[in-house]
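Both counts, for ligands and for their atoms, begin at 1 and track the order of listing.
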Amino acid sequence: MSEARVPRVAVLGAGGFLGSHLVPALLQRFSCEIDAVDVNLSKLECHDARVQRIEARVEEPGLVEQVTSRCQTVISLTALCNPAQYSTIPLEVIDASFTHLLPLVTRCAERKVRLIHFSTAEVYGRTALDAQGHPTERMHEDESCLMLGPVSRERWTYACAKQLLERVIWAHGQHGALPFTIIRPFNTIGPRMDFLPGIDGDGTPRVLACFMNALLRGEPLPLVGGGAQRRAFMDVSDMNEAVCRVLERPKQADGQIFNLGNPDNDVSIAELGRLMAGAFAELWPAHAAAKFQAVSAEDFYGPGYDDTQERIPDVRKAQQLLGWKPQRRLADALPAIVRDYGERYGARIEAARKAPCRLASA
Ligand code: UDP
């Protein structure tokens with residue numbers, strides 16, 4: 001357990017993918033009490049006396065008052081962070097990423113409650129550019145331009161809302177006294193990441209869950225646009241470590257924006273599919289071999305989608321100020337994630353397949 005004294009922390013979005021991994025990691029590291037807030041806490045498989053489970057929406061009256069009056073730090077994770085939603089329910093995305101969080105930011109600034117806010121790597125937009133707009137290999141917190149596509153490309157709704165909230169937080173820090181840290185996560189993955197369509201959610205989840213869904217159902221893995229686009233994937237354990245360090249080092253972390261991602265795990269989406277299919281075959285050799293199918297973005301997501309061809313973080317700042325370096329290689333992380341998905345969902349998918357089709361009543 002760390003020597004650092006961490007008083008009461010509120011984790012907003014504690015029932016989401018990142019939150020449900022972060023809460024146990026904080027408890028293991030610090031002797032702190034936690035307000036774990038989410039509209040649904042079922043993913044938070046942690047029942048520790050130091051955790052107060054609060055089932056509520058962040059926009060519910062009184063919630064912001066409650067957490068900012070008794071917590072010294074708020075970690076805000078709530079968002080609708082699934083690209084399929086940016087062009088299908090953009091107004092809900094803007095509310096969840098911006099409107100509903102404004103009162104929280106204002107109250108944290110007034111009360112000088114430390115705010116550790118999760119923004120997104122999406123703010124960099126389509127491609128990595130330096131301040132003059134020239135292409136660069138990596139995205140840098142304090143130097144890159146933020147290049148979003150046209151408004152008709154609704155994919156960028158989320159990035160725009162998240163960027164505006166970053167600017168509000170920044171302004172409260174610069175012109176007021178808000179102690180803040182902004183985190184931009186890059187494609188963080190782990191068990192319990194997203195729902196599987198038709199089992200515990202509807203619509204299209206992010207790529208890891210899409211591929212798990214296809215593998216478990218014996219369907220081809222869809223490669224949007226052929227799958228040459230690249231992402232740098234980071235294991236959630238590396239994210240937990242970075243957030244613990246942000247908490248431990250307020251002097252170094254306050255007023256900063258940090259990219260948190262693993263540039264060494266930069267692969268194409270097709271390569272991710274092959275790695276996952278390999279891990280799946282090792283675990284369940286009796287399943288049919290995985291197949292892949294190229295699909296168009298328009299067919300897969302509908303109109304308004306747009307994509308980033310390559311998204312690689314520059315993480316030197318986190319390394320310098322937090323002494324943090326992501327550790328887990330993608331090939332080492334995937335088998336445990338694939339196993340967890342298989343164990344959680346295999347039987348449910350099988351049962352759904354065997355269930356008789358419901359006939360429309362005459
Ligand atoms: N993608 C894919 N097949 C899928 C789901 C997603 O090829 O079944 C692609 C998607 O078009 C994008 C990449 O995988 O280029 C990562 O998508 P994700 O939704 O995970 O999030 P993003 O990194 O774009 O925010």
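- R70 and Q52 are linked by a side-chain donor-acceptor pair at a separation below 3.5 angstrom, with hydrogens and angles left out of the test.
- Taking every heavy atom of L223 and a limit of under 4.0 angstrom, the matching atoms of ligand 1 come to 7 (O).
- Not close to ligand 1: M212, with no non-hydrogen atom less than 4.0 angstrom away.
- Close contacts between ligand 1 and R155 involve ligand atoms 22 (P), 24 (O), 25 (O) [criterion: under 4.0 Å to a heavy atom].
- When non-hydrogen atoms are compared, ligand 1 lies under 4.0 Å from the side chain of N187 (C-beta onward) but not from its backbone.
- Ranking the protein heavy atoms by distance from atom 8 (O) of ligand 1 puts C210 CB, 3.1 Å first.
- At a heavy-atom cutoff of 4.0 Å, ligand 1 is contacted by the side chain of Y305 but not by its backbone.
- The side-chain tip of R153 does not point at the ring of Y305 from less than 6.0 angstrom away and within 45° of straight on.
- Between the side chains of S237 and R328, no donor-acceptor pair of N or O atoms lies under 3.5 Å.
- Nearest non-hydrogen protein atom to atom 18 (P) of ligand 1 is V207 N, 3.7 Å.
- Taking the ring centre of F17 as origin, the terminal cationic atom of K43 falls outside the region bounded by 6.0 Å and 45° from the ring axis.
- For atom 15 (O) of ligand 1, the nearest protein heavy atom (residue, atom name, distance) is D307 OD2, 2.6 Å.
- Not a single heavy atom of G227 sits under 4.0 Å from any atom of ligand 1.
- On a distance-only criterion, V224 and ligand 1 share at least one N/O pair closer than 3.5 Å.
- Of all non-hydrogen atoms in R8 and I34, the two that sit nearest each other are NH2-O, 4.5 Å.
- For atom 6 (C) of ligand 1, the closest non-hydrogen atom on the protein side is Y301 OH, 3.2 Å.
- Listed by number with element, the atoms of ligand 1 under 4.0 angstrom from any heavy atom of E122 are 25 (O).
- V246 has its side chain within reach of L322: a pair of non-hydrogen atoms, C-beta onward, lies under 4.5 Å apart.
- Closest to atom 21 (O) of ligand 1 among all protein heavy atoms lies P83 CG, 3.6 Å.
- Heavy-atom proximity to atom 3 (N) of ligand 1, evaluated over A297, P222, A214, G273, is greatest for P222.
- Counting only heavy atoms from C-beta outward, the side chains of H117 and T181 never approach each other to under 4.5 Å.
- At a 3.5 angstrom cut-off on N or O pairs, R206 does not count as close to ligand 1.
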task = Just do the salt bridge (charged side-chain N to carboxylate O under 4.0 Å, His left out) check on D266 and R231 with the steps written out, would you?
result = CA-CA 5 Å; D266 165 35; R231 295 291 187 272; over 6 Å; no
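- With a heavy-atom cut-off of 4.0 Å, R230 does not touch ligand 1 at all.
- What sits closest to atom 13 (C) of ligand 1 on the protein, heavy atoms only, is I269 CD1, 3.6 Å.
- In terms of protein heavy-atom proximity, atom 24 (O) of ligand 1 is closest to R231 NH2, 2.9 Å.
- The single protein non-hydrogen atom nearest to atom 9 (C) of ligand 1 is Q229 NE2, 3.8 Å, given as residue, atom name and distance.
- The shortest N or O to N or O distance between F211 and ligand 1 is not under 3.5 Å.
- For the pair R114 and D254, the minimum side-chain heavy-atom distance is below 4.5 Å.
- Remark: the D306 side chain and the Y86 side chain contain no N/O donor-acceptor pair separated by less than 3.5 Å.
- Here the options are E110, R111, K112, the test is side chain to side chain donor-acceptor pair (under 3.5 Å), and the partner is T68; only R111 passes.
- For T120 (side chain) and V123 (main-chain N/O), no donor-acceptor pair under 3.5 Å exists by modelled atom type.
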